[in-house]
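Take a look at the structure below.
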Amino acid sequence: MDRAKDRHFEGSKTPGRRPGGSDFLQLDLREAPPGSRTERLTARIRAAIADGTLPLGSRLPPSRVLAAELGVSRGVVTEAYQRLADAGQVQGRGRAGTTVAAAPLPPAAPLSPAAPPAPLPPAPLPPAPTAAAPADRLVPARSGEPGAPLRAGAGEALVDALRSVPCRIDLSPGVPDLTAFPRSAWLQAERRVLGALTAGDFGYGNPQGAPALRTAVAGWLARNRGIRADPGEIVVVAGVAQALALVAYVLRESGVRRVAVEDPGSLGARQQLEHGRLETVPVPVDEGGLDTAALRASGAPAVLLTPAHQFPTGVVLDGERRRELLGWAADGGLVVEDDYDAEHRYDRAPVPALRALLPEGVCYAGSVSKLLAPALRLGWLLVPPRLRDAVVTAKRYADLGNPVLAQLVLARLMDSGELERHLRHVRRRHRRRRDAMLRAIAAHLPGARVHGAAAGLHLMVTFDGAAFEDTALAARALALGVKAHPLSWHRVRPGPPGLVLGYAAGPPGELEEGVALLGRALTRLG
């Protein structure tokens with residue numbers, strides 16, 4: 001019976017009305033004593049109804065699906081649904097599932113501080129800074145030599161150069177399982193969208209984004225990231241890269257010249273800010289995430305970070321650091337939150353987005369690059385009210401807005417529940433591939449220490465105490481037909497050698513072979 005409900009749940013066409021699993025709850029029932037789990041789950045669903053996350057008519061996940069996601073027995077979920085039904089807040093409709101029947105209560109008190117942060121401080125206009133290069137600059141090599149892109153100097157085209165090199169096994173991070181792209185669902189949605197468009201719909205769209213997609217994204221963020229946002233707050237962008245470019249431009253126009261970044265952190269994100277003529281200030285990352293004391297000491301008025309799944313280490317910004325960071329933002333700092341792959345998690349509960357806690361102090365960027373495909377170039381950006389008009393204007397002059405047809409197709413996938421169905425499907429595939437890579441690392445890289453296995457699409461491995469350069473290891477691996485990112489690419493300050501290995505894009509057998517070849521390359525360094 002639940003299987004039938006699940007199919008209906010996934011295929012229903014009621015727009016924006018279904019959480020695909022447990023993420024909308026932002027709840028970890030494993031921390032609760034067994035006797036209180038039903039009570040906690042009931043209270044959290046009731047709160048989601050009250051604050052509008054689950055509006056009237058929303059369909060709750062099937063009890064089997066929600067129980068599996070929360071790691072509890074199905075009886076806990078069915079009892080919670082029964083209590084809500086007894087209170088008249090939900091009602092069961094047989095094969096149609098369980099829906100919210102009561103009108104939403106007034107919104108709960110916000111978690112964020114009441115006072116907005118002070119305006120960003122103006123500063124005199126100095127000469128444009130020179131883009132900072134990593135401290136461990138790579139060794140030049142002849143362009144025809146195997147592995148040359150890995151040792152060719154830390155320029156802006158470093159990752160692009162490696163991406164263009166043919167190889168047999170690609171373990172580059174940041175790519176989802178592209179073979180799982182929902183072609184049939186996309187084609188069906190595209191046909192439906194085209195069939196409903198008028199001639200006027202093929203004209204210039206809204207530079208801020210198609211209203212249908214902004215509405216769908218607002219529902220997606222509420223269900224999956226705990227963010228309550230009005231569609232008018234959302235700017236549709238060409239991926240997180242454009243979001244960072246727009247933020248960099250607006251910050252510089254407002255007088256900001258320096259932005260703190262995580263170290264280690266994404267080389268591409270750092271270069272994006274530097275291309276926007278901002279100086280990047282490295283701030284250390286440890287087991288608790290970004291060092292907030294070091295952030296305050298840096299004097300930077302803004303910071304770019306990945307709090308839900310830090311790139312590349314995979315750590316989660318812990319509770320104490322989150323409170324300190326939000327306090328820093330409430331005092332006038334600006335947080336730029338790159339939520340690049342938060343949907344992909346396997347062995348831990350969802351982590352609330354910072355934007356959900358302090359909308360006035362957080363610029364939030366996300367996309368479907370890690371969920372569907374980078375080629376779509378579709379994402380979203382939310383900024384504090386004081387920056388919104390400037391961002392929309394910058395977007396208008398950048399490109400007049402994203403292609404409308406792709407926006408409408410994505411909106412339909414979000415509204416119909418197809419995107420949540422796809423997410424559940426690729427989570428299972430990614431988990432199996434992660435497990436295959438972990439087994440291969442244990443077998444072929446016995447001295448490697450693995451980081452960040454609980455979520456995401458990549459692993460970071462370090463070789464603590466080793467004397468070799470990770471660029472040399474990656475170059476030898478490339479000569480054997482395997483691509484991998486040296487960890488030093490994503491560092492500004494020195495650290496132990498390591499690799500950043502993507503596991504989502506290849507089948508398990510290919511991952512195992514790739515890691516075995518990494519082991520052979522490592523042996524040849526000895």
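Both backbone and side-chain heavy atoms feed into the values below; hydrogens, waters and symmetry mates do not.
Atom CZ of Phe463 is surrounded by more than 12 heavy atoms from other residues, nucleotides or ligands within 6.0 Å.
Each of Arg431, Arg427, Arg433 was checked for a salt bridge (Lys or Arg N to Asp or Glu O under 4.0 Å) with Asp177, and the lone residue meeting it is Arg433.
A search for side-chain contact (heavy atoms from CB on, under 4.5 Å) contacts involving Ala185 returns Pro182, Leu413, Glu418, not counting sequence neighbours. Checked against side-chain contact (heavy atoms from CB on, under 4.5 Å), Ala293 has the following partners two or more places apart in sequence or in another chain: Asp291. Residues passing the side-chain hydrogen bond (donor to acceptor under 3.5 Å, both in side chains) test with Asp286 are Arg321, sequence neighbours excluded. Qualifying side-chain hydrogen bond (donor to acceptor under 3.5 Å, both in side chains) partners for His309, counting only residues two or more places apart in sequence or in other chains: Tyr340, Asp341. Here Arg258 pairs with nothing under the side-chain hydrogen bond (donor to acceptor under 3.5 Å, both in side chains) rule; sequence neighbours left out. Scanning for side-chain contact (heavy atoms from CB on, under 4.5 Å) contacts around Thr313 gives Pro264, Val285, Gln310, Val315, Met460, with sequence neighbours left out. Listed by chain and number, the residues in a ring pair (Phe, Tyr, Trp, His ring centres under 6.0 Å) with Trp328 amount to none (sequence neighbours excluded). In this structure Glu324 satisfies the side-chain hydrogen bond (donor to acceptor under 3.5 Å, both in side chains) test together with Thr292, sequence neighbours excluded.
Ring geometry, Phe311 versus His490: the interplanar angle exceeds 60°, so the pair is classed perpendicular (tilted spans 30 to 60°).
Annotation: side-chain hydrogen bond (donor to acceptor under 3.5 Å, both in side chains) contacts involving residues 201-218, sequence neighbours excluded, comprise Thr198-Asp201. Within the structure, the salt bridge (Lys or Arg N to Asp or Glu O under 4.0 Å) test picks out the following pairs touching residues 292-304 (sequence neighbours left out): Arg296-Asp331. Sorted pairs that involve residues 363-376 and meet salt bridge (Lys or Arg N to Asp or Glu O under 4.0 Å), not counting sequence neighbours, are lacking altogether. Counting only residues at least two apart or on different chains, the side-chain hydrogen bond (donor to acceptor under 3.5 Å, both in side chains) pairs with a member in residues 389-402 are Gln242-Lys395, Gln242-Asp399, Lys395-Asp399, Lys395-Asn402.
The OG1 atom of Thr306 lies 9.5 Å from the CD atom of Glu337; values are rounded to the nearest 0.5 Å.
At least one side-chain heavy atom of Leu325 sits under 4.5 Å from a side-chain heavy atom of Val303. Side chains of Leu405 and Gln407 form no contact here, defined as non-hydrogen atoms less than 4.5 Å apart.
Checked against the 6.0 Å centroid criterion, the rings of His430 and Tyr346 do not qualify as a close aromatic pair.
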Could you walk me through whether Val247 and Leu304 pass the side-chain contact (heavy atoms from CB on, under 4.5 Å) test, one step at a time? CA-CA 10 Å; Val247 170; Leu304 167 66; over 6 Å; no
Step by step, work out the salt bridge (Lys or Arg N to Asp or Glu O under 4.0 Å) result for Arg355 and Asp339. CA-CA 10 Å; Arg355 172 77 189 193; Asp339 206 29; over 6 Å; no
For the pair Leu410 and Trp220, evaluate side-chain contact (heavy atoms from CB on, under 4.5 Å) and give the outcome as yes or no after the intermediate values. CA-CA 11 Å; Leu410 178 58; Trp220 174 267; over 6 Å; no
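Defined by atom type and a distance below 3.5 Å, a donor-acceptor pair is missing between the side-chain atoms of Ser488 and Glu469. Looking at Arg192 and Ser416, their side chains never bring a donor and an acceptor atom within 3.5 Å of each other.
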